[in-house]
Colleague: 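Got a structure for you, questions after.
If you read the sequence from its start, that first residue is 1, and numbering goes on from there.
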Amino acid sequence: MVLDEAGNLRDIGEPDIDGAFLASGGVARVRAALDRGDLPIVAEEGLRVGAPVARPGKIVCIGLNYRDHAAESGAEPPAEPVVFMKAADTMVGPYDEVLVPRNSVKTDYEVELAIVIGRRARYLESREEALEAVAGYAVANDVSEREFQLERGGQWDKGKSCETFNPLGPWLVTADEVGDPQDLALRLWVNGELRQDGDTKNMIFDVAEIVRYLSQFMVLEPGDVINTGTPAGVAMGMPGQPYLRAGDVVELEIEGLGRQRQTVGQA
């Protein structure tokens, strides 16, 4: 689906927006079809909104990438990006249920700007090359279980890869439409209470540097997703702040990229 300028949903006629779609010029094809008026309007009623990218090869994450979040975590701002991975099958839609894992007592939330890669990126030499590899951006909730992450052997991936732990969307907004990715407000509420209120201008490592840096250590493929870090306000960083429990409602948004809403359930 694509959203036109009038706010109508239109059927793009492609099986999925995935790595193959992005690598083969799918965005340009859809734009041309939209301009020609070839895409039929689709009624929204009864539709489930899935993640805007299908089957990412990997979800790469950057930790401690906002100075205020590093401070609330008791960590020094990193000299190089802190890199960890989430299982690709953690990705769900923006309105899908998020499940608190069994035996969890510290399930947390993190609003993040997600980068979606549009072309193969390997040993990039410049920031300009890095930005050219970006297809677009989306809202991500990097749900985390802090005990699993930090108190169970120091393996961050364990606290990041539980089922439903990466709601993405509702939209993949192309890079040209977003403009400057370092000038976007991002916010998150739990049960209507504002918990996170930040701006991507406060990233330690910006989008261009993240993509350039990662390409020195792994090949980024079309459709890969990169979560770029979260601002302050997570439950872990606020003594007495409750962690997520079944029945909670989490809402999050990034300026120009849309809004998510998840009800929390129990695995």
Side-chain angles (χ1 to χ4, degrees), residues 59 61-78 81-84 86 90 92 94-114 139-168 182 184-206 227-255 257 259-267:
I59 300 174
C61 303
I62 306 299
L64 303 174
N65 197 32
Y66 287 72
R67 294 185 187 279
D68 56 358
H69 176 55
E72 73 174 357
S73 302
E76 291 294 325
V82 175
V83 180
F84 62 93
K86 297 190 84 156
T90 60
V92 294
Y95 312 121
D96 289 342
E97 184 180 44
V98 165
L99 297 176
V100 173
R102 296 179 186 180
N103 304 312
S104 166
V105 293
K106 295 182 178 180
T107 295
D108 211 343
Y109 49 82
E110 295 188 6
V111 58
E112 306 203 6
L113 176 68
V139 183
N141 187 356
D142 178 17
V143 187
S144 310
E145 211 300 340
R146 303 302 188 185
E147 183 185 26
F148 298 176
Q149 176 188 354
L150 301 171
E151 302 171 37
R152 299 286 297 275
Q155 301 295 323
W156 279 30
D157 293 9
K158 290 191 300 191
K160 297 285 189 172
S161 290
C162 303
E163 60 183 331
T164 74
F165 264 28
N166 205 84
L168 190 74
Q182 307 308 144
L184 303 174
L186 59 172
R187 301 179 185 87
L188 181 144
W189 296 259
V190 178
N191 299 327
E193 177 187 349
L194 182 64
R195 297 280 183 87
Q196 293 186 274
D197 187 3
D199 196 291
T200 58
K201 66 185 178 185
N202 295 321
M203 285 183 182
I204 297 172
F205 305 102
D206 65 10
N227 292 342
T228 59
T230 198
V234 300
M236 177 182 68
M238 304 179 71
Q241 186 84 284
Y243 287 93
L244 296 176
R245 295 290 183 266
D248 287 343
V249 175
V250 181
E251 297 173 280
L252 53 152
E253 67 181 16
I254 298 180
E255 181 180 1
L257 302 185
R259 187 179 179 100
Q260 297 186 1
R261 185 181 190 276
Q262 295 110 34
T263 299
V264 179
Q266 180 65 52

Colleague: Can you tell me how far CG of L186 sits from OG1 of T200, rounded to the nearest 0.5 angstrom?
Modeller: 7.0 Å
Colleague: Hey, are the side chains of R146 and V234 touching, using non-hydrogen atoms and a 4.5 Å cut-off?
Modeller: yes
Colleague: Under the side-chain contact (heavy atoms from CB on, under 4.5 Å) criterion, do V250 and V98 qualify, and how do the steps go?
Modeller: CA-CA 9 Å; V250 181; V98 165; over 6 Å; no
Colleague: With sequence neighbours excluded, tell me which residues meet side-chain contact (heavy atoms from CB on, under 4.5 Å) with A71.
Modeller: none
Colleague: Would a 4.5 Å heavy-atom cut-off, applied to side chains only, mark L113 and L257 as touching?
Modeller: yes
Colleague: Using modelled atom types and a 3.5 Å cut-off, is there a donor and acceptor pairing between side-chain atoms of R195 and backbone atoms of A232?
Modeller: no
Colleague: Would you call K201-E255 a salt bridge at under 4.0 Å N-O?
Modeller: no
Colleague: Are Y95 and T263 close enough that some pair of their side-chain heavy atoms sits under 4.5 Å apart?
Modeller: no
Colleague: Does N202 form a side-chain contact (heavy atoms from CB on, under 4.5 Å) with D68? I'd like the steps, not just the answer.
Modeller: CA-CA 9 Å; N202 295 321; D68 56 358; 5.7 Å; no
Colleague: As an exercise, state the distance from CG of N227 to NZ of K86, rounded to the nearest 0.5 Å.
Modeller: 6.5 Å
Colleague: Can you measure from CD (E193) to CD (Q241) and round to the nearest 0.5 angstrom?
Modeller: 5.5 Å
Colleague: For the residue pair Q196 and Y109, establish whether any side-chain heavy-atom pair is separated by less than 4.5 Å.
Modeller: yes
Colleague: Using only heavy-atom distances, determine whether the side chains of Q149 and S144 contain a donor-acceptor pair under 3.5 Å.
Modeller: no
Colleague: side-chain contact (heavy atoms from CB on, under 4.5 Å) for F84 and I62? Distances and angles first, verdict last.
Modeller: CA-CA 7 Å; F84 62 93; I62 306 299; over 6 Å; no
Colleague: If every non-hydrogen atom of G265 is compared with every non-hydrogen atom of E97, which pair is closest and at what distance?
Modeller: CA-OE2, 3.4 Å
Colleague: Is the shortest side-chain heavy-atom distance between T107 and V143 below 4.5 Å?
Modeller: yes
Colleague: Should C162 and V100 count as side-chain neighbours, where that means a heavy-atom distance under 4.5 Å?
Modeller: no
Colleague: Using 0.5 Å steps for rounding, measure from the CZ atom of R187 to the CD atom of E251.
Modeller: 13.5 Å
Colleague: To the closest 0.5 Å, what do you measure between CD (E110) and CG (L188)?
Modeller: 10.0 Å
Colleague: Does M236 offer a backbone N or O that forms a donor-acceptor pair with the side chain of D108 under 3.5 Å?
Modeller: yes
Colleague: How close do L168 and A114 get, counting heavy atoms only, and between which atoms?
Modeller: CD1-CB, 3.7 Å
Colleague: When you look at D142 and K160, which way does the side-chain contact (heavy atoms from CB on, under 4.5 Å) test go after all the steps?
Modeller: CA-CA 8 Å; D142 178 17; K160 297 285 189 172; 3.0 Å; yes
Colleague: Indicate yes or no: at least one non-hydrogen side-chain atom of Y243 is less than 4.5 angstrom from one of S104.
Modeller: no
Colleague: Is atom CZ of R259 surrounded by more than 12 heavy atoms (other residues, nucleotides or ligands) closer than 6.0 Å?
Modeller: yes
Colleague: Regarding N141 and Q262, do their side chains bring together a donor and an acceptor under 3.5 Å, going by distance alone?
Modeller: yes
Colleague: I'd like to check S73 versus L64 (side-chain heavy atoms, cut-off strictly below 4.5 Å). Are they in contact?
Modeller: yes
Colleague: Is the backbone N or O of V105 less than 3.5 Å from a side-chain atom of E145, with the two atoms forming a donor-acceptor pair by type?
Modeller: yes
Colleague: Can you name the side-chain contact (heavy atoms from CB on, under 4.5 Å) partners of E151, sequence neighbours left out?
Modeller: K106, E147
Colleague: Examine distances only and state if a side-chain atom of N65 and a backbone atom of F205 form a donor-acceptor pair shorter than 3.5 Å.
Modeller: yes
Colleague: If you count the non-hydrogen atoms of other residues, nucleotides and ligands that lie under 6.0 Å from CZ in R152, is the total more than 12?
Modeller: no
Colleague: As an exercise, state the distance from CD of E253 to CG of L184, rounded to the nearest 0.5 Å.
Modeller: 11.5 Å
Colleague: Any donor and acceptor pair, going by atom type alone, linking the side chain of T164 with main-chain N or O of L99 inside 3.5 Å?
Modeller: yes
